[in-house]
Peer 1: 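So that we are looking at the same thing, I have put the structure below in structure tokens.
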Amino acid sequence: MLRPSLERVFRQDSLNPEQRLAAEHRGGPLLVLAGAGTGKTATLSARVASLLDEGADPQRILLLTFTRRAAREMINRTSSLVGERAAVGKVTGGTFHSVGHRFVRSYASALGLPADFGLLDAGDGADVLDLVRNELGHPAGERRFPRKQTLADIYTRTVNAQRPVREIVAELFPWCEEHVDAVAGILRGYSARKRSLGVLDLDDLLLHWRALVQDETTGPHIAGTFDHVLVDEYQDVNGIQADIVHSLHQRGCSVTAVGDDFQAIYSFRSASVEHILGFPGKFEGTKTVTLDRNYRGTQPLLDVANAVSAQDARGYPKVLRATRPGGNRPQLVQCRDQSQEAELVCDQVLADREDGLLLREQAVLARTGHDTDLLELELSRRRIPYVKYGGLRYLEAAHVKDFLAALRLADAPGDEMSWFRLLQLAEGVGPGRSRRVLEALLGRGETSPRLWERWPAAAAELPSSARPALTALAGAIRAAGDTDLPPGPATDRLRTALDPLVRAHYADGEVRMQDLAALVTAAGEASDLRTFFAEVLLDPPASSQDLAVPPHLDEDWLVLSTVHSAKGLEWQSVHLIAAYDGNFPADMAAGSAEGIAEERRLLYVALTRARRSLRVYSPHRYYHRPGGSGDTHGYGKVSRFLDGEAQALFDVVAAPGDSHRFAPGAIGGARVRVDVDELFA
DNA sequence: TTCTCGAGCAAGCAC
DNA sequence: TGCTCGAGAA
């Protein structure tokens with residue numbers, strides 16, 4: 001039963017009967033099927049608030065979310081409900097990876113890991129794989145031999161599916177099958193190398209966490225620290241994550257899973273919609289609550305989403321119903337090509353802004369990061385500020401990797417790969433010299449305490465022009481590794497030392513250094529360097545904007561995002577671009593029924609982000625990367641998911657104007673030559 | 001040994 | 001289109 005105070009709070013927050021049921025359910029596993037926009041966050045927050053109100057210890061509540069942003073939002077909402085920020089703040093929250101990391105660190109010795117084990121992100125892992133591949137004598141140039149990224153994909157699919165590599169390769173990478181023995185050897189070498197380096201990659205964190213929870217000694221210990229485990233976005237868990245949750249359940253934790261099987265879009269990360277579909281069967285005594293009242297969109301928009309979801313007979317049936325009345329029909333905009341698409345989007349964005357809609361209330365969604373390339377040009381030309389989420393990730397930018405390499409060395413000065421990377425920032429230093437410097441610096445397996453004494457000898461291998469900057473950098477790394485120095489000043493020293501190297505090495509060094517300033521600001525709020533490093537790696541900022549200090553109130557920008565990164569977010573106005581068949585579904589995914597089903601769900605996620613206005617653009621002619629030889633353009637139809645029935649729910653708009661002016665072949669076989677060669681005769 | 005440049009080829013979403 | 005690798009010059 002709820003106390004009167006909370007009773008009032010719930011009513012104020014207007015929980016509907018189903019949401020209330022979910023918030024107040026006690027005993028036994030709970031599955032909340034929450035359609036898009038049905039107040040999932042409000043419900044989970046209310047449930048946490050209700051548990052706290054009953055006297056639950058916040059530290060004994062575990063909240064597993066997909067991103068740190070989601071965890072933060074949940075905790076903020078909960079504290080506005082209970083009004084005790086401090087108590088709520090003690091709730092253990094984060095992503096599977098970050099929470100797993102905390103346990104693996106605590107139980108490192110039980111796992112036979114060094115107490116100060118390091119972390120590899122996806123890019124680091126691929127680099128180590130590349131190293132092993134070359135050592136085993138498979139140069140990257142060899143015909144049809146998988147590249148490092150492909151090797152990394154094979155590795156992660158294999159361990160996450162827990163199936164033999166031969167099966168995975170045969171099924172998902174058939175073009176690599178002739179090399180499967182060599183691939184298996186490289187993966188074995190990769191595991192051995194990680195052990196000898198004392199590092200874990202992202203998959204290892206989950207594997208080790210699961211091992212801890214399943215172990216008869218450590219398992220009860222870990223499960224015993226929690227009474228309640230709440231998992232958000234359950235449709236996107238993979239087999240290992242599902243095992244972890246199930247083990248916690250078996251060891252006595254009360255489990256709540258929240259998700260929407262129709263928003264499962266992460267199968268490429270080995271997530272499977274089967275885990276949410278099979279939840280009631282696996283967790284005995286499950287109470288299932290379905291939320292289908294939509295508080296986000298208007299009915300004309302939801303009708304389209306419903307029409308798309310109805311094409312898939314599987315899953316929990318649900319039809320979204322709007323709670324807000326009225327609304328306009330969505331538009332399906334047929335345009336000539338992607339440059340016209342970019343113009344039309346800009347026109348509309350500016351028109352809506354004239355009507356008082358902030359840029360931040362508008363978003364442009366796309367299948368892939370580079371679908372927005374042309375649009376970004378047009379936005380810059382018209383001076384419309386924007387922030388881009390997804391696509392090329394922040395951590396993959398070379399200068400950010402440089403900075404993280406320095407950060408890693410502060411914690412682990414013996415890290416060969418990081419040194420190798422940083423040394424080559426200097427002019428006149430390549431792989432050859434780096435190797436000699438490292439030989440002098442790291443010796444043969446000697447331990448690190450004496451490492452800094454060897455720096456002068458190591459620096460002697462450097463060309464004199466490179467010596468001052470690298471010596472300064474080494475000094476900054478050594479100072480940053482001193483635990484007495486707080487993370488803010490420590491990272492600032494690193495940044496200062498990197499400054500001349502970054503400016504000289506990259507053409508746009510100026511801009512890159514500003515990015516790093518944002519990282520230093522973020523580091524200032526962390527408790528120590530190692531924690532900061534882990535946080536950045538395990539929950540990377542979606543863009544440098546994520547790290548920046550809170551922007552001024554008068555700043556406003558349009559949001560560009562991939563559909564994947566847009567999950568869980570909403571805007572007043574949404575533009576979905578490049579919705580042609582071949583992109584929705586992507587050609588790559590169109591080979592299998594499950595692949596197509598997932599693409600449909602991806603479109604569904606995009607369609608359900610809008611509150612008031614939705615425009616879907618389908619360019620007739622689009623650019624694509626040449627797959628073989630010949631034309632680099634394709635002629636597309638609108639996505640097959642927007643069939644006749646779905647299209648009838650749109651206002652179909654043909655782009656205005658000159659649809660024939662640039663039509664291919666209009667001039668027949670004419671050849672117009674421009675030739676200045678005679679000038680150089 | 002480092003750097004530059006051209007050829008050849010691959011492919012997206014991300015903790 | 002943009003990365004990676006190999007050839008060849010400084």
Side-chain angles (χ1 to χ4, degrees), chain A residues 64-70 94-101 119-123 125 130 134 139-150 152-153 156 160 175 200-206 209 233 236-238 240-241 264-271 365-371 373-374 389-396 398 423-424 426-436 461-463 465-466 505 534-542 561-567 578 582-589 595 598-599 601-602 605-606 623-629 632-633:
Chain A
L64 289 166
T65 54
F66 210 61
T67 62
R68 190 167 45 204
R69 181 174 51 187
T95 61
F96 272 93
H97 286 87
S98 66
V99 173
H101 174 242
L119 292 174
L120 300 179
D121 74 6
D130 207 34
N134 283 308
E142 201 172 309
R143 282 231 156 266
R144 300 279 292 169
F145 199 86
R147 314 182 127 212
K148 64 177 177 182
Q149 191 52 60
T150 312
D153 287 347
T156 193
N160 279 301
W175 63 92
L200 297 184
D201 63 27
L202 295 172
D203 293 323
D204 291 330
L205 288 177
L206 296 182
W209 186 17
E233 309 280 15
D236 286 325
V237 299
N238 67 28
I240 297 171
Q241 293 164 328
I265 54 175
Y266 280 93
S267 74
F268 66 91
R269 232 166 60 185
S270 303
L365 307 185
R367 176 74 180 76
T368 71
H370 66 242
D371 282 331
D373 288 350
L374 273 175
Y389 292 93
L392 176 79
R393 267 148 72 238
Y394 190 63
L395 289 193
E396 282 160 24
L423 291 170
Q424 292 180 69
E427 182 97 35
V429 183
R433 274 181 204 276
S434 297
R435 220 161 274 131
R436 290 210 300 272
E461 299 287 344
L462 293 165
S465 62
H505 195 259
E535 273 178 13
V536 173
L537 225 69
L538 298 179
D539 194 1
S561 176
T562 60
V563 178
H564 282 89
S565 298
K567 190 160 65 112
N583 217 17
F584 284 97
D587 284 330
M588 241 182 290
E598 175 145 330
E599 297 287 306
R601 296 193 292 264
L602 192 61
V605 169
Y623 179 82
H624 69 87
R625 308 243 239 6
S629 58
T632 57
H633 292 269

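Every chain is numbered from 1, with letters handed out A, B, ... down the list of sequences.
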Peer 1: What nucleotide among C/dT4, B/dC13, B/dC15 has an atom nearest to a side-chain atom of A/Lys148?
Peer 2: C/dT4
Peer 1: Does A/Thr562 place a side-chain N or O at less than 4.0 Å from the phosphate oxygens OP1/OP2 of B/dA14?
Peer 2: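 Affirmative; the distance criterion is met.
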Peer 1: What's the shortest heavy-atom distance between A/Leu119 and A/Ala534, and which atoms?
Peer 2: CD1-CB, 3.9 Å
Peer 1: How is A/Glu599 classified with respect to the nucleic acid when contacts are heavy atoms under 4.0 Å: base, sugar-phosphate, or nothing?
Peer 2: base
Peer 1: Once you round it to whole Å, what is the distance between C1' of B/dC15 and CH2 of A/Trp209?
Peer 2: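 These atoms are roughly 13 Å apart.
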Peer 1: Students often mix this up, so state it plainly: with edges at 30° and 60°, are the rings of A/Trp209 and A/Phe96 parallel, tilted or perpendicular?
Peer 2: tilted
Peer 1: How far, in whole Å, is C/dT4 from B/dC13 if one measures between their P atoms?
Peer 2: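 Result for the P pair: 16 Å, nearest Å.
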Peer 1: What's the CD-P distance between A/Glu396 and B/dC15, to the nearest Å?
Peer 2: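 Those two atoms, CD and P, are 10 Å apart.
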Peer 1: In whole angstroms, how far is the P atom of C/dT1 from the CG atom of A/Asp373?
Peer 2: 11 Å
Peer 1: CD of A/Gln149 versus P of C/dT4: gap in Å, rounded?
Peer 2: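 In whole Å, C/dT4 P and A/Gln149 CD are 10 Å from each other.
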Peer 1: With respect to the phosphate group of B/dA14, does any side-chain polar atom (N or O) of A/Ser565 fall under 4.0 Å of OP1 or OP2?
Peer 2: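 Answer is yes, contact under 4.0 Å.
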Peer 1: Distance check needed: B/dA10 P versus A/Asp153 CG, whole Å only.
Peer 2: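 Checked: the CG to P distance equals 14 Å.
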Peer 1: Locate the shortest heavy-atom distance separating A/Ala271 from A/Asp236; write the atom from each residue and the value.
Peer 2: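 In this case the closest contact between A/Ala271 and A/Asp236 is CB-O, 3.3 Å.
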Peer 1: Is it true that the side chains of A/Asp371 and A/Thr368 contain a donor and an acceptor less than 3.5 Å apart?
Peer 2: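 A pair is found: one side chain offers a donor N or O, the other an acceptor, under 3.5 Å apart.
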Peer 1: Report yes if the ring of A/Phe96 lies under 5.5 Å from the six-membered base ring of B/dC15 with planes under 30°, and no otherwise.
Peer 2: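 Answer is no, no stack.
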Peer 1: Whom does B/dA11 pair with, Watson-Crick or G-U wobble, provided both distances fall under 3.5 Å?
Peer 2: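 Result: none.
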Peer 1: Taking for each residue the nucleotide of DNA chain B bearing the nearest heavy atom, is the 5' side occupied by A/Glu427 or by A/His564?
Peer 2: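 It is A/Glu427, whose closest nucleotide lies nearer the 5' terminus.
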Peer 1: If I take atom CD1 in residue A/Ile240 and atom C1' in nucleotide B/dC15, what distance separates them, rounded to the nearest angstrom?
Peer 2: 12 Å
Peer 1: Checking all strands, does A/Val429 fall into the base, sugar-phosphate, or nothing category for heavy-atom contacts under 4.0 angstrom?
Peer 2: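 Touches sugar-phosphate only.
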Peer 1: Would a distance-only check, ignoring hydrogens and angles, find a side-chain to backbone donor-acceptor pair under 3.5 Å from A/Gln241 to A/Asn238?
Peer 2: yes
Peer 1: Under 4.0 Å, heavy atoms only, any strand: does A/Leu538 hit a base, just the sugar-phosphate, or nothing?
Peer 2: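 If one applies the 4.0 Å heavy-atom cut-off, A/Leu538 turns out to touch the sugar-phosphate alone, with no base involved.
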Peer 1: When both hydrogen-bonding distances must be under 3.5 Å and the geometry is Watson-Crick or G-U wobble, what is B/dT1 paired with, if anything?
Peer 2: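 C/dA10 is the nucleotide pairing with B/dT1.
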Peer 1: For A/Leu206 and B/dA14, give me the distance from atom CG to atom P, rounded to whole Å.
Peer 2: 18 Å
Peer 1: Taking only the side-chain nitrogens and oxygens of A/Arg436, find out if one of them lies under 4.0 Å from OP1 or OP2 of B/dT1.
Peer 2: yes
Peer 1: Nearest-Å distance, CG (A/Asn238) to C1' (B/dA14)?
Peer 2: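 Rounded to the whole Å, the gap is 12 Å.
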Peer 1: Side chain of A/His564, backbone of A/Ile265: donor and acceptor closer than 3.5 Å?
Peer 2: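 Indeed, once roles are kept as given, a pair shorter than 3.5 Å links the two residues.
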Peer 1: With respect to the side chain of A/Pro431, which nucleotide from B/dT2, C/dT4, B/dC15 is positioned closest?
Peer 2: B/dT2
Peer 1: Could you say whether A/Gly430 or A/Ala586 is positioned toward the 5' end of DNA chain B, judged by the nucleotide with the nearest heavy atom to each?
Peer 2: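 Its nearest nucleotide being more 5', the pick is A/Gly430.
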Peer 1: Looking only at side-chain atoms of A/Arg433, point me to the closest of B/dC15, B/dT1, B/dA10.
Peer 2: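 Ranking B/dC15, B/dT1, B/dA10 by closest atom to the A/Arg433 side chain puts B/dT1 first.
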